[in-house]
Amino acid sequence: MATLSSFPSTETEYSEDDVMEVSEASEDPESSSEVAVYGPGDYKEKFNPTDYLNFYYSNAAMPQGARVSLFVLPIFAHIMEETMAPEERFSMIDVGSGPTIYSAVCFRTLVRRIYLTDYVESNLTVLEEWLNKSKPFDWSTVISVVKRNEGGRPPNVWEVAKIEALCRQKVAKGGIFHADVHQPKVCPFEQMANREYDIMVSIFCLEAACSTFDEYRQAMKNMTNMLRPGGRLILGSVTEDSCYVAGMPSKERAVVFSLLHLTEQEIVDTLEECDFDLSTMRKYALNHEGVLYLMVSKRPRAKLAYTPGRFIRLS
Ligand SMILES: C[S@@+](CC[C@H](N)C(=O)[O-])C[C@H]1O[C@@H](n2cnc3c(N)ncnc32)[C@H](O)[C@@H]1O
């Protein structure tokens, strides 16, 4: 079973043998000690933002496992800072951010507007509650880890608060929006200041949202249509696994969601089909953990020249 980005401790890990598929024949999985595996169609009903955050990003959970995304995103962000001019990196969108804000933490100084998006309304509510401070999750440990990975000494409480305030500022300029990667129009563009984005982050979303490889290819196309030509994608994927733990509401019960089984080759082939220039690709993989992070540029718009009677492609 996947432990998304080295998901927590071996103590709480379940083996494949502990997992049963939900079938019509099964009793109510929530009342039994068996572990139910929910699918892409169950997110709205069964994904619980609080359980997810407590399991992976709470101050208690953080020391129990390395969150690889918090190491990799700052590295990729740093590369972008060095290789993209400020006017080329105005906006960043996280597709399938869930209830998390760590992508905003990693990109807070790089872009002017940050958009956090997800399919599940309760995730969006948790993000709104963080943004308006009405019921904010405590992101201080995550912020400290990101800051330390950016270099320098551990930040004190005032520095952490300053970082979080900057994240809020950038998310307030962008927004929090619904997204469905299965729709050609993934986000409600009419409500958003941007239609195309300079940087797109999507971590562990598509393989959770899709049941078949065809669905995955279409979802990737829908999602990356929102990235401008020449823009950069950071894609975090779980490879060759079939499910992950989305929270442990009690010591006895894990909530498990299915993942589409994907190989690295399938992911890379899909990116090529979606007009990404594989010669720009940078990769960070933890093969034994089954997590793969890719940063890759979308091909720029072709330059056309008109010669009498026809257009010719210059690039
Ligand atoms: C494993 S979580 C990843 C959350 C976050 N990116 C992280 O790294 O912790 C998968 C996310 O995909 C979202 N998701 C599921 N189906 C989706 C869909 N059709 N469109 C967009 N997001 C979807 C879920 O709501 C959930 O927040």
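Reckoned from all heavy atoms, side chains included, excluding hydrogens, waters and symmetry mates. Start at 1 and go down the list; that is how both ligands and their atoms are numbered.
Among A246, A209, C205, the residue whose heavy atom lies closest to atom 16 (N) of ligand 1 is A209. Counting only non-hydrogen atoms, the option in Y119, Y102, Y57 that gets closest to atom 23 (C) of ligand 1 is Y119. Of the candidates L70, L73, V201, D118, the one placing a heavy atom closest to atom 26 (C) of ligand 1 is D118.
With M200 as the fixed residue, the side-chain contact (heavy atoms from CB on, under 4.5 Å) test singles out one of L233, D94, L235: L233.
K298 has no carboxylate O lying under 4.0 Å from a charged side-chain N of D277, or vice versa, which leaves the two without a salt bridge. Checked for salt-bridge contact, R232 and E88 miss the test: no charged N lies under 4.0 Å from a carboxylate O. Residues K147 and E164 are not paired through a salt bridge, judged by the lack of any N-O separation under 4.0 Å between the basic side chain and the carboxylate. Using a 4.0 Å cut-off between charged side-chain N and carboxylate O, R195 and E190 make no salt bridge.
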task: Could you go through the salt bridge (Lys or Arg N to Asp or Glu O under 4.0 Å) check for K221 and E215 one step at a time?
output: CA-CA 10 Å; K221 201 171 188 177; E215 225 174 63; over 6 Å; no

ring-ring contact (aromatic ring centres under 6.0 Å, His included) assessment of F137 paired with Y57: CA-CA 9 Å; F137 181 75; Y57 300 107; 7.7 Å; no

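In terms of polar-atom proximity, defined here as any N/O pair under 3.5 Å, I203 does make such a contact with ligand 1. For ligand 1, the polar-atom distance check finds an N/O of D180 within less than 3.5 Å of one of the ligand's N/O atoms. Not one N or O of P99 is nearer than 3.5 Å to an N or O of ligand 1, by distance alone.
Against a heavy-atom cut-off of under 4.0 Å, H182 is close to the following atoms of ligand 1: 19 (N). Near G98, with a cut-off below 4.0 Å to any heavy atom, the atoms of ligand 1 are 27 (O). Taking every heavy atom of A179 and a limit of under 4.0 angstrom, the matching atoms of ligand 1 come to 20 (N), 21 (C).
Heavy atoms of S97 approach ligand 1 to within less than 4.0 angstrom.
Aromatic pair Y197/Y115: ring centres closer than 6.0 Å.
Annotation: cation-pi pair K44/Y119 present, NZ/CZ under 6.0 Å from the ring centroid and within 45° of its normal.
Counting heavy atoms under 4.0 Å from ligand 1, residue Y244 touches it through the side chain alone. Only side-chain heavy atoms of T100 come within less than 4.0 Å of ligand 1; its backbone N, CA, C and O stay farther off. Counting heavy atoms closer than 4.0 Å to ligand 1, residue S202 contributes nothing at all. For N123, every heavy-atom contact with ligand 1 shorter than 4.0 Å involves the side chain, none the backbone.
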